[in-house]
Q: 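Have a look at the structure that comes next, please.
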Amino acid sequence: MATNIPAKLLSPYNPAETETPIYQLWQKSGLFNPDESIKLGITKPDADPFTIILPPPNVTGTLHLGHALMITIQDILIRFKRMQGKKTLWIPGTDHAAIATQAKVEKEISKKEGKSRYDLGREEMLKRIEAFAQQSHDTIVSQVKRLGASTDWSREAFTLDEQRNLAVRTVFKKMFDDGLIYQGSRIVNWDPKGQTTIADDEIVYEEEKSKFYYFKYGPFTIGTARPETKFGDKYVVMHPDDARYAAYEHGQKIDLEWINGPITATVIKDTAIDMEFGTGVMTITPWHSNVDFEIAERHSLDKEQIIDKYGKLLPIAGEFAGMKIKEAREKIVEKLQSKGLVEKIEDTYVHKIATAERTNGIIEPQIMKQWFVAVNKEFTTPHSEINGIASGSKTTLKELMRKAVDGKQVQILPDHFDKTYFHWIDNLRDWCISRQIWYGHRIPVWYKSSSLGLMGVGGGSQIYCGIEAPEGEGWVQDEDTLDTWFSSGLWTFSTLGWPSSTVDLKTYHPTNILVTGYEILFFWVARMILMTGYMFGTIPFSTVYLNGTVRDSQGRKMSKSLGNGGDPIETSEKYGADALRMFLATATTPGMDSRIYEDKIKGYKHFSNKLWNITRFILTNTENYTYDAQFSAWSEADEALTAERTEFIQTITKEMEEYKLHLSSEHIYKYVWTRFADVILEESKLIFKDGDEAAKASRAQFLHHTLRIILRVTHPYMPHVTEELWLLLTTGKSISEISEQNVTIEPSKLLLAQSWPA
RNA sequence: GGGAGAUUAGCUCAGUUGGUAGAGCAACCCGUUUACACCGGGAAGGUCACAGGUUCGAGUCCUGUAUCUCCCACCA
């Protein structure tokens, strides 16, 4: 065996020995931080920036393969752009995920200690949640590192830390002052289980089979699935064009016998009624139904609360007061039956009930005082770079969101998702941002009751919205916290130091690309566009890359109950993070779901070994030739191979610039394996055996040159194995020797710092 | 009810300026202790869901149908 072959190359590649120490070497180099990279002379100070902000994982648990996918895509892009000489910044962070985190900890405490959050009190409860969040955070960070992510840890952020909290209060106050945040009594989605409101998009509809009742209501028959809400129903509504009820006039009063005795009902004609459904007549419960609420608003009707915050009936229900909904339902039907008011009961009625995504509680709509962001209200934007909205003109938040994507300033990949986006925007209602939970950003509003009587007229209370608490005695802060997406919406600029006017903000914002799952297009992507458009009149990122969902081998969604979640760390331990990354890169196209196949991941482990053996082969067979970067006496055959190689590089460079990583990764795999290893190396054996000296020298140099190029282009996909091979080639030392002997590696000598080949 | 996507080799999926169908895995045959068995060579396998249309030419564009998936929407 040759003497200049590093001993480590003689045995098969073992990712477990390489990956962690290689990551430590990178971290020591400081090159994930663009400021360091400039200081070291690797990145030019005036280079174009390229920024990605990592979608912050929730501190509710640990990472799954879906996270691994999104991290892989971002790291490939960042490493690619870094090698192209860009001033690259990738900021990591985590999300406090308000309701989800609180619910999880509450559940745990209730299970272990049998206590509720009210037993513990706000302060103690928050302490517990923070401890949990910290632990979860630490796990997530180590997982992100294990995957090889070249994130700048010196800039790490958390959606609920001091800096981000200041950003939240600053935005809130500005919106409040502009009249875009208001407090209003509106119908909201109340989760009796979580004791909080939730947003429209936090609702999950579940199909349920239930009974459908037909009751006699004076001269009418009304159909309902919810008899327990009917106590206050004194309006009976029908479509104005319904011939069957032409005899009744809008506003007509009718006396009739109802659940708890005689009442006077009023006839209302409204086009919201579906003539085809049921009997075409219904009574309304504005306090507990959106549609009913809207009807009531249109005709200025009374609204009465029937059900309380805990899902129990109020005194208006008479003898049924205090009962839970389910219990009351049957008893009410019994009573109506005894009064002869039940016409028929169907039990094949299938409908969808609204449940809370985070707690599974059944949503009970309620009219409550909540904070809202007005999406349709006009305001004057001082400065706008969004096409179609002039600086100083009047606009709405909805218009900002629409125009940013309409003009392709924000490009969504795959582009058909912009239709989905517009559809959502056009149907958007005001965004309820207050939550009745403790974990989150407290609403920066304070109240002071004027019991001293100094205020005179009205004698009510004072309200103050500010970034800091108001001066003086007697101010009490609003108990509520903000929807977690409010702070997430600021993420692209709150991570860059805003509201201070930092160098980072000037340099790296707007960011270049957001990589995230399509399921949070509305939750998050839209709200980032809203917040950035509002605060700066710009876009938060120019491209949104929507990755698909990672499913198991049977096409099922990953879930805890199925136990098929897939642990990226376990997979990395088994096959190497590089193999997992390469698999994820090849298996995914934007917007399309993909399945995990362990056999394929295994295939990419073989690929890392192939790189290993290619290196060994070249070193063994070219012992008499040292790598010469200036070599130019190419043989005719090698000229041709060089041209072919150049074409290959151009192809993958173009694909990567267009974010088509599934194509570039496959092309790299094919070039390396089926072209370079299977054909070129095999031919080389003959040349080294029988060729003349010039041909041998040319081929030896070609192999050396090409190997270095292969390591560079493969590096974004499989950073660890390529880095170790690079170090073996350039220093003759393995990563274990480097760490054990404390060998200093100049940051500029790392593969991480090399330039992208042309 | 509205919208979007999918349908290509046994399985999982690629395939955008329309030009004679691709990969990985599986299966089949052969070879090799010669960088690598975490290997090499070879062969096999598809009326690109279906029906029309545009075109010299369609997996790719248009229309319609079927099946599946997802998203949005509180028919009480």
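Within every chain, numbering begins at 1; the chains are lettered A, B, ... in the order of the sequence lines, protein sequences first and strands thereafter.
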Q: Can you check whether W673(A) has a side-chain N or O nearer than 4.0 Å to OP1 or OP2 of G24(B)?
A: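 No, no such contact exists.
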
Q: Quickly work out the E658(A) CD to U16(B) C1' distance and round it to whole Å.
A: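 The distance from CD of E658(A) to C1' of U16(B) comes to 10 Å, rounded to the nearest Å.
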
Q: Just how far, in rounded Å, is P of C36(B) from NZ of K602(A)?
A: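 Rounded to the whole Å, the gap is 20 Å.
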
Q: Reckon T589(A) touches a base, only the sugar-phosphate, or nothing at all at heavy-atom distances under 4.0 Å?
A: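 It contacts sugar-phosphate atoms only.
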
Q: For A14(B), take OP1 and OP2 only and decide whether either is under 4.0 Å from a side-chain N or O of H667(A).
A: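 No, because none of the side-chain N or O atoms of H667(A) sits under 4.0 Å from OP1 or OP2 of A14(B).
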
Q: Just the rounded figure in Å: distance from C1' of C71(B) to CG of D593(A).
A: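 Interatomic distance, CG of D593(A) to C1' of C71(B): 12 Å.
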
Q: Could you check which residues of residues 231-242 of chain A get a heavy atom under 4.0 Å from RNA chain B? Sort them by number, please.
A: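 None - not one residue of the stretch has a heavy atom sitting under 4.0 Å from the strand.
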
Q: Taking atom P in both G42(B) and C48(B), what distance in whole Å separates the two?
A: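 Nearest-Å result for G42(B) against C48(B) at atom P: 27 Å.
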
Q: How far does the P atom of C56(B) sit from the matching atom of U65(B), given to the nearest Å?
A: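 Comparing P positions in C56(B) and U65(B) gives a spacing of 28 Å.
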
Q: How would RNA chain B look in dot-bracket form, 5' to 3', counting Watson-Crick and G-U wobble pairs with both distances under 3.5 Å and writing | for bases paired to another strand?
A: (((((((..((((.....[..))))..(((((....).))))......(((((..]....))))))))))))....

Q: Does this structure show an ion pair linking D418(A) with K408(A), if we count only N-O contacts that are shorter than 4.0 Å?
A: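 Salt bridge present between D418(A) and K408(A).
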
Q: Return the orientation label for the Y669(A) and Y604(A) ring planes: parallel under 30°, perpendicular over 60°, tilted otherwise.
A: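 Plane angle over 60°, so perpendicular.
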
Q: What nucleic acid atoms does E519(A) come within less than 4.0 Å of, heavy atoms only: base, sugar-phosphate, or nothing?
A: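 Since no nucleic acid heavy atom lies under 4.0 Å of E519(A), the category is nothing.
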
Q: With a non-hydrogen cut-off below 4.0 angstrom, is D678(A) in contact with a base, only sugar-phosphate, or nothing?
A: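 Touches sugar-phosphate only.
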
Q: Closest heavy-atom contact between W258(A) and K230(A)?
A: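 So the two residues come closest at NE1-O, 2.9 Å.
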
Q: Checking H704(A) against T622(A): is there a side-chain donor and acceptor pair closer than 3.5 Å?
A: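 H704(A) and T622(A) do have a side-chain donor-acceptor pair below 3.5 Å.
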
Q: Remember a base hit wins even if backbone is also touched, and classify K685(A) as base, sugar-phosphate or nothing at under 4.0 Å, heavy atoms.
A: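 It contacts base atoms.
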
Q: Can you find a side-chain donor-acceptor pair between Y575(A) and E598(A) that sits under 3.5 Å?
A: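 Judged by distance alone, the side chains do pair up.
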
Q: Rounded to whole angstrom, note down the C1' distance from G24(B) over to G15(B).
A: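 Nearest-Å result for G24(B) against G15(B) at atom C1': 15 Å.
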
Q: Just by distance, with hydrogens left out, do R551(A) and S594(A) show a side-chain donor and acceptor under 3.5 Å apart?
A: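 No, no side-chain donor-acceptor contact under 3.5 Å.
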
Q: What integer number of Å spans the C1' atoms of G31(B) and G22(B)?
A: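 About 26 Å, rounded to a whole number of Å.
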
Q: Taking the same atom, C1', in G59(B) and in A49(B), what whole-Å distance lies between them?
A: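 These two C1' atoms come out 12 Å apart once rounded.
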
Q: So, is T420(A) near the phosphate of A4(B), with a side-chain N or O under 4.0 Å from OP1 or OP2?
A: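 False: T420(A) side-chain N/O out of range (4.0 Å or more) of A4(B) OP1/OP2.
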
Q: Is NZ or CZ of R186(A) both nearer than 6.0 Å to the six-membered ring centre of F293(A) and within 45° of the ring axis?
A: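 Because its charged atom misses either the 6.0 Å distance or the 45° angle limit, R186(A) does not stack over F293(A).
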
Q: Does the side chain of R581(A) pick up a donor-acceptor pair with the side chain of T72(A) at under 3.5 Å?
A: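 The answer is no; no qualifying pair exists.
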
Q: Distance from D483(A) atom CG to T197(A) atom OG1, nearest 0.5 Å?
A: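 One finds 8.5 Å between CG of D483(A) and OG1 of T197(A).
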
Q: Let me know the distance between CZ of R556(A) and C1' of C70(B), rounded to the nearest Å.
A: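 Spelled out: CZ on R556(A) to C1' on C70(B) is 18 Å.
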
Q: Categorize Y213(A) for me: base, sugar-phosphate, or nothing, with a 4.0 angstrom heavy-atom threshold over every strand shown.
A: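 No contact at all - Y213(A) keeps every heavy atom at 4.0 Å or more from the nucleic acid.
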
Q: Which part of the nucleic acid does Y205(A) contact within heavy-atom distance under 4.0 Å: base, sugar-phosphate only, or nothing?
A: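 The residue Y205(A) makes sugar-phosphate contact but no base contact.
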
Q: Give one of base, sugar-phosphate or nothing for G223(A), where a contact means two heavy atoms less than 4.0 Å apart.
A: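 Base: the residue G223(A), judged by heavy atoms under 4.0 Å, touches a nucleobase.
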
Q: Taking U47(B) as the reference, what is the distance to A21(B) when you measure between their C1' atoms (whole Å, please)?
A: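 So the two C1' atoms sit 13 Å from each other.
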
Q: For RNA chain B, whose closest nucleotide is more 5', that of R595(A) or that of H606(A)?
A: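 Between the two, 5'-proximity favours R595(A).
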
Q: Have a look at A587(A) and say if it touches a base, only the backbone sugar-phosphate, or nothing, with a 4.0 Å heavy-atom cut-off.
A: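 Result for A587(A) = nothing.
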
Q: Which residue lies toward the 5' end of RNA chain B, Y13(A) or M275(A), if each is placed at its nearest nucleotide?
A: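 Nearer the 5' end of the strand: Y13(A).
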
Q: Between A35(B), A76(B), C70(B), which one does the side chain of D274(A) approach most closely?
A: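 From the listed options, A76(B) comes nearest.
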
Q: For L663(A), report the nucleic acid contact type (base, sugar-phosphate, nothing); a contact means any heavy atom under 4.0 Å.
A: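 The residue L663(A) makes sugar-phosphate contact but no base contact.
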
Q: How many whole angstroms separate atom CG of L10(A) from atom P of A35(B)?
A: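 Checked: the CG to P distance equals 13 Å.
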
Q: To the nearest angstrom, how far is Y349(A) atom OH from A76(B) atom P?
A: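 After rounding, the gap between these two atoms is 3 Å.
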
Q: Measure the acute angle between the ring planes of Y518(A) and F417(A), then classify it against the limits of 30° and 60° as parallel, tilted or perpendicular.
A: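 Parallel.
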
Q: Could you give the distance separating C72(B) and C61(B) at their C1' atoms, to the nearest angstrom?
A: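 After rounding to an integer number of Å, I get 29 Å for this pair.
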
Q: Tell me whether the side-chain N or O atoms of K610(A) pair up with the base of C36(B) as donor and acceptor below 3.5 Å, since no angle test is needed here.
A: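 Yes, a donor-acceptor pair under 3.5 Å.
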
Q: What class does the angle between the rings of F607(A) and W673(A) fall in, given that below 30° is parallel, 30 to 60° is tilted and above 60° is perpendicular?
A: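 Judged by the thresholds at 30° and 60°, the geometry between F607(A) and W673(A) is parallel.
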
Q: Taking CG from D599(A) and C1' from C11(B), how many angstroms apart are they, rounded to a whole number?
A: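 Going from D599(A) (CG) to C11(B) (C1'), I get 11 Å.
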
Q: With a 4.0 Å cut-off on N to O distance, would you call E682(A) and K685(A) a salt bridge?
A: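 The answer is yes: the pair qualifies as a salt bridge.
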
Q: Ignoring the backbone of T224(A), work out which of A4(B), A76(B), A35(B) is nearest its side chain.
A: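 Ranking A4(B), A76(B), A35(B) by closest atom to the T224(A) side chain puts A76(B) first.
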
Q: Between G1(B) and C75(B), how many Å separate the two C1' atoms, rounded to a whole number?
A: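 That atom pair is separated by 9 Å.
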
